[in-house]
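What's counted below: heavy atoms across the whole structure, side chains too, no hydrogens, waters or symmetry copies.
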Amino acid sequence: MRLRNKPWAEEFINSHPEIIIPNPENFKGNWREVFGNDNPLHIEVGTGKGQFVTGMALANPDINYIGIELYDSVIVSALEKVIDANTPPNLRLLKVNGADLDKYFTKNDVSRVYLNFSDPWPKKRHAKRRLTHEGFLKLYESILIDNGEIHFKTDNRGLFEYSLISMSEYGMLLKFVSLDLHADEPEDNIMTEYEEKFSAKGQPIYRLESQFISKK
């Protein structure tokens, strides 16, 4: 994906530390200090322009949400979306690399991880970069509560099949699998920007919910 340069983005981001948390490593293990409550915390890795995580925060005020995005030119759109939604108190953003989650969260900080329309990295030599690779699953497990969940959506059949195998081989429980999410007509589905685009073209959306199994 080619990113459009937005020279004003950095200044705008820095002017909203109440939404995009600076120095998030300071809150590792203590995110209740940010939100002022002990509600469950769900994170979206690769939040893009923020439509999904903002919609989820508005729909579920008793759950805290953090959208994670690395690039200024992308997260600034998510920031604008959060502001347009009157800055829900249960929503924050982090401008960090999703591969470094353990720098900002520790075991039991997070209850659920959302992965939406992640880069499929189709070449075999790039498999370790896929967000459902074993290495990333281990990372998520290290910050999730026992029996924490991953919810995953994609339009890419190859990535979806890879993810099913990867999670199964890791020993996760597949709680829900859909090969055509919109045909199943889920009442609570909140779409991402990509999902709206692809589904409008008639492309099926693949979705799964998986759960780590406590080893205790």
query = Considering only heavy atoms from C-beta outward, does the side chain of Leu58 approach that of Thr54 to under 4.5 Å?
reply = yes
query = Hey, are the side chains of Ile68 and Thr47 touching, using non-hydrogen atoms and a 4.5 Å cut-off?
reply = no
ask   = Do Pro204 and Leu179 come within less than 4.5 Å of each other through their side chains, counting heavy atoms only?
value = no
Residues Glu193 and Lys197 bridged, charged N to O under 4.0 Å = no
ask   = Do we see a donor-acceptor contact under 3.5 Å between the side chains of Tyr104 and Asp109?
value = no
ask   = Are side-chain N/O atoms of Glu195 and Asn116 paired as donor and acceptor at under 3.5 Å?
value = no
task = Step through the shown structure and confirm whether more than 12 heavy atoms of other residues, nucleotides or ligands are within 6.0 Å of CD on Glu11.
result = no
request  = Drop me the distance from Lys107's NZ to Glu141's CD, to the nearest 0.5 angstrom.
outcome  = 5.5 Å
message = Test side-chain contact (heavy atoms from CB on, under 4.5 Å) on Tyr65 and Asn60; report intermediate values, then the result.
response = CA-CA 9 Å; Tyr65 291 89; Asn60 302 285; 3.2 Å; yes
inquiry  = Parallel, tilted or perpendicular, judged at 30° and 60°: which one describes the rings of Phe35 and Trp31?
reply    = tilted
key: Expected output: side-chain Arg207 to main-chain Lys153 donor-acceptor under 3.5 Å   = no
request  = Decide side-chain contact (heavy atoms from CB on, under 4.5 Å) for Tyr170 and Thr132; before the verdict, give the C-alpha distance in whole Å, the side-chain angles of both, and the deciding distance to 0.1 Å.
outcome  = CA-CA 10 Å; Tyr170 196 84; Thr132 52; over 6 Å; no
ask   = Just wondering, do Leu174 and Ser210 contact through their side chains at under 4.5 Å, heavy atoms?
value = yes
query = How far does CG of Asn23 sit from NZ of Lys28, to the nearest 0.5 angstrom?
reply = 14.5 Å
message = Using side-chain heavy atoms (C-beta onward) and a distance below 4.5 Å, is Gln51 in contact with Lys49?
response = no
message = By the ring-ring contact (aromatic ring centres under 6.0 Å, His included) test, which pairs, at least two apart or in different chains, include something from residues 124-148?
response = Trp121-His126
inquiry  = Asn90 vs Asn37, test: side-chain contact (heavy atoms from CB on, under 4.5 Å). Steps then yes/no.
reply    = CA-CA 9 Å; Asn90 60 328; Asn37 59 59; over 6 Å; no
ask   = With a 4.5 Å limit on heavy-atom distance, are the side chains of Phe12 and Glu80 in contact?
value = yes
key: Validation row: Leu79, Ile83 side chains within 4.5 angstrom (heavy atoms)   = yes
message = Any non-hydrogen side-chain atom of Val113 less than 4.5 Å from a side-chain atom of Leu101?
response = no
task = Indicate yes or no for a side-chain donor-acceptor contact from Asn39 to the backbone of Asn64 under 3.5 Å, with no hydrogens or angles considered.
result = no
query = With Tyr114, which residues qualify under ring-ring contact (aromatic ring centres under 6.0 Å, His included), at least two apart?
reply = His42, Phe52, His151
